[in-house]
2 protein chains.
Amino acid sequence: MRLMPSLPSRCAECLVRDTSLCSAMRDDELHALSDIARRKTFPAGQVVTWSGDPNSLCANIVSGAVKVTASTPDGREQIVGLLYPGDFVGQPFAQDAPLTITAVGETDLCLFPRGPFERTLDEHRAMERKLLERTMESLTDAQNRILALGRKNAVERIASFLLEVSERMGSDEDDSASEIALPISRGEMADYLGLTIETVSRQLTRLRKDGVIALEKGDRSCTILSRERLAAIADPD
Amino acid sequence: MRLMPSLPSRCAECLVRDTSLCSAMRDDELHALSDIARRKTFPAGQVVTWSGDPNSLCANIVSGAVKVTASTPDGREQIVGLLYPGDFVGQPFAQDAPLTITAVGETDLCLFPRGPFERTLDEHRAMERKLLERTMESLTDAQNRILALGRKNAVERIASFLLEVSERMGSDEDDSASEIALPISRGEMADYLGLTIETVSRQLTRLRKDGVIALEKGDRSCTILSRERLAAIADPD
DNA sequence: CGAGGCGTTTGACGCCGGTCAAGCTGGAAT
DNA sequence: ATTCCAGCTTGACCGGCGTCAAACGCCTCG
């Protein structure tokens, strides 16, 4: 009989052990999170938390992606955030959860009940610090999206989006992939970029006809043929 | 000869002692901040920090207001945030300062050099916690603006803005004032709402003609005649 | 194989808001 | 007073993007 390793077994082969909030924890500290965590797989399109639900959940994204959506009372919808593996989901210390969280593609989450998660933050300074830094990064992302929505036209928004996804999807080795597996549908791209499906489709074919990207049809993949030209479109001079 | 009071004298009559980050500090702890702080008054329009400057400053807003702006390389400008008395300005732990901070109207700031400020965060848990909560609130604000910019038309954005200012400007006693002293010019409203000056002006006169608001001309004040109707315009059903 | 449904593409048209331009107002300088 | 100037308002026009509609490709299910 051998001793338990200090790293919780369920965390041992976690894909985001070193990229999520957990990267702020030593192996032996991770039990604090592991003990309150529940792993769950959400099929594509399943809602994790509805707007208006009591704010009871926080989570790490292990694989897949989630969209954070807000909507006007009359039903117009806007994706206010897209989160990827390693990202943190939730609002510790907040009362309400005004936003809807939905899985985009099959998604694995590592769920924490909010109360115990907050207590873990209390006890693990480094994790709270990391959460603060992550939250500030999210704010910066949001500010970039505000610039895009307020001042960029359709092509520019789409070009920016493709570059953004390319960077986030780039595997750890090569930083930015040229062939992107778009995580979301045309309709979701529209909801993310403040456009309509038709405009997204038209501008994508425009980029294709101009030889900037290639689209394999029926598939959601997109290849960047000239990153340089795409960047020039995203941030014109 | 009497003992020094535990509250630093310069903080004794500070207008935001109990609303800024400082509200997380006991009187006797405030010396840690007071010792590194420098009060400075910025005239209207003066830039506090340029985009691209080294990220060396954090601050509390004591009076006035600041705008946080981003811009595209070709010069289109967007206000990504408006901050009021009691709000915190800056990005501790971040490398660069990609945004420009500008005083809007005469503004008093309580400035902290970033390094020492970060050390103060290290030593004062409660303040770091408060900063985390504030940052999450800012993120929520930003998400609301993303919804507005992505999915609302001109009148709706302006109505939302007026209500927003009315709530933030409402003195402590009555929560939301009906007569608003608009903190910014038409041009800045345009930059904030992703519109042009002309559109802002037209939609404001439209609201005036419809009897929803009154505008005293020459002055930057605006009176909400029917908060109910304004709210119905901001979030149509 | 064919039927049906979903996501996407493409087209025709109209409107909201941007652009350009002119006039208006009030305050500061002279 | 007169001039000047910055900020605001108003008007005429136009183009980008939304709206409505139809067709296409791909998948699943009968």
Side-chain angles (χ1 to χ4, degrees), chain A residues 43-45 67 72 74-78 104-105 148-162 181-210 213-222 233 236, chain B residues 43-45 67 72 74-79 104-105 148-162 180-210 213-222 233 236:
Chain A
K67 61 177 177 183
T72 58
D74 67 346
R76 283 168 279 173
E77 206 165 280
Q78 174 71 32
V104 166
L149 293 175
R151 293 297 178 212
K152 289 187 182 178
N153 66 23
V155 216
E156 292 166 357
R157 293 186 206 181
I158 289 183
S160 305
F161 172 74
L162 293 178
L182 294 176
I184 58 180
S185 69
R186 296 286 186 274
E188 286 167 329
M189 284 182 62
D191 285 346
Y192 187 68
L193 299 173
L195 301 169
T196 59
I197 290 190
E198 295 92 329
T199 302
V200 170
S201 180
R202 271 189 263 266
Q203 301 300 338
L204 278 174
T205 63
R206 174 176 161 188
L207 288 174
R208 178 173 56 73
K209 283 180 180 161
D210 289 355
I213 62 172
L215 299 165
E216 353 286 323
K217 66 171 48 180
D219 189 10
R220 267 185 201 165
S221 83
C222 166
I233 295 172
Chain B
K67 61 178 177 182
T72 58
D74 66 346
R76 283 168 279 174
E77 205 166 281
Q78 173 72 32
I79 298 182
V104 166
L149 293 176
R151 293 299 178 211
K152 289 187 181 178
N153 64 25
V155 216
E156 293 166 357
R157 292 185 206 181
I158 288 182
S160 305
F161 172 73
L162 293 177
I180 323 169
L182 294 177
I184 57 179
S185 69
R186 296 286 186 274
E188 285 167 329
M189 284 182 62
D191 285 346
Y192 187 69
L193 299 172
L195 301 169
T196 60
I197 290 191
E198 295 92 329
T199 302
V200 170
S201 180
R202 271 188 264 266
Q203 300 300 337
L204 278 174
T205 63
R206 174 177 161 189
L207 289 173
R208 177 174 57 73
K209 283 181 181 162
D210 290 355
I213 62 173
L215 298 167
E216 353 285 323
K217 66 172 48 182
D219 189 12
R220 267 186 201 165
S221 83
C222 166
I233 293 171

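Everything numeric here is computed off the predicted structure, so don't read it as measured data. Proteins get letters first, then strands, A, B, ... in listed order; numbering begins at 1 in each.
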Can any side-chain N or O of [X] pair as donor or acceptor with the backbone N or O of [Y] at less than 3.5 Å?
| X | Y | value |
| --- | --- | --- |
| B:Arg186 | B:Ile197 | no |
| A:Gln78 | A:Asp191 | yes |
| A:Arg157 | A:Leu193 | yes |
| A:Arg151 | B:Leu195 | yes |
| B:Glu216 | B:Cys222 | no |

Spacing of [X] atom [atom1] relative to [N] atom [atom2], expressed in whole Å:
| X | N | atom1 | atom2 | answer |
| --- | --- | --- | --- | --- |
| B:Glu198 | D:dC14 | CD | C1' | 14 Å |
| B:Asp219 | C:dG27 | CG | C1' | 13 Å |
| A:Ile184 | C:dC6 | CD1 | P | 20 Å |
| A:Gln203 | C:dT9 | CD | P | 12 Å |
| A:Asp191 | C:dG7 | CG | C1' | 14 Å |
| B:Asn153 | D:dG18 | CG | P | 13 Å |
| B:Arg186 | C:dC24 | CZ | P | 19 Å |
| B:Leu207 | D:dT9 | CG | C1' | 15 Å |

Ignoring backbone atoms, establish whether [X] has a side-chain N or O less than 4.0 Å from OP1 or OP2 of [N].
| X | N | result |
| --- | --- | --- |
| A:Thr199 | D:dG18 | yes |
| A:Arg202 | C:dT9 | no |
| B:Thr196 | C:dG18 | yes |

Sugar-phosphate only, base, or nothing, as touched by [X] at under 4.0 Å among non-hydrogen atoms:
| X | answer |
| --- | --- |
| B:Ser201 | base |
| B:Ile197 | base |
| B:Arg220 | sugar-phosphate |

Notebook entry, point to check: Taking for each residue the nucleotide of DNA chain C bearing the nearest heavy atom, is the 5' side occupied by B:Lys152 or by A:Gly187?
Noted result: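 Result: A:Gly187.
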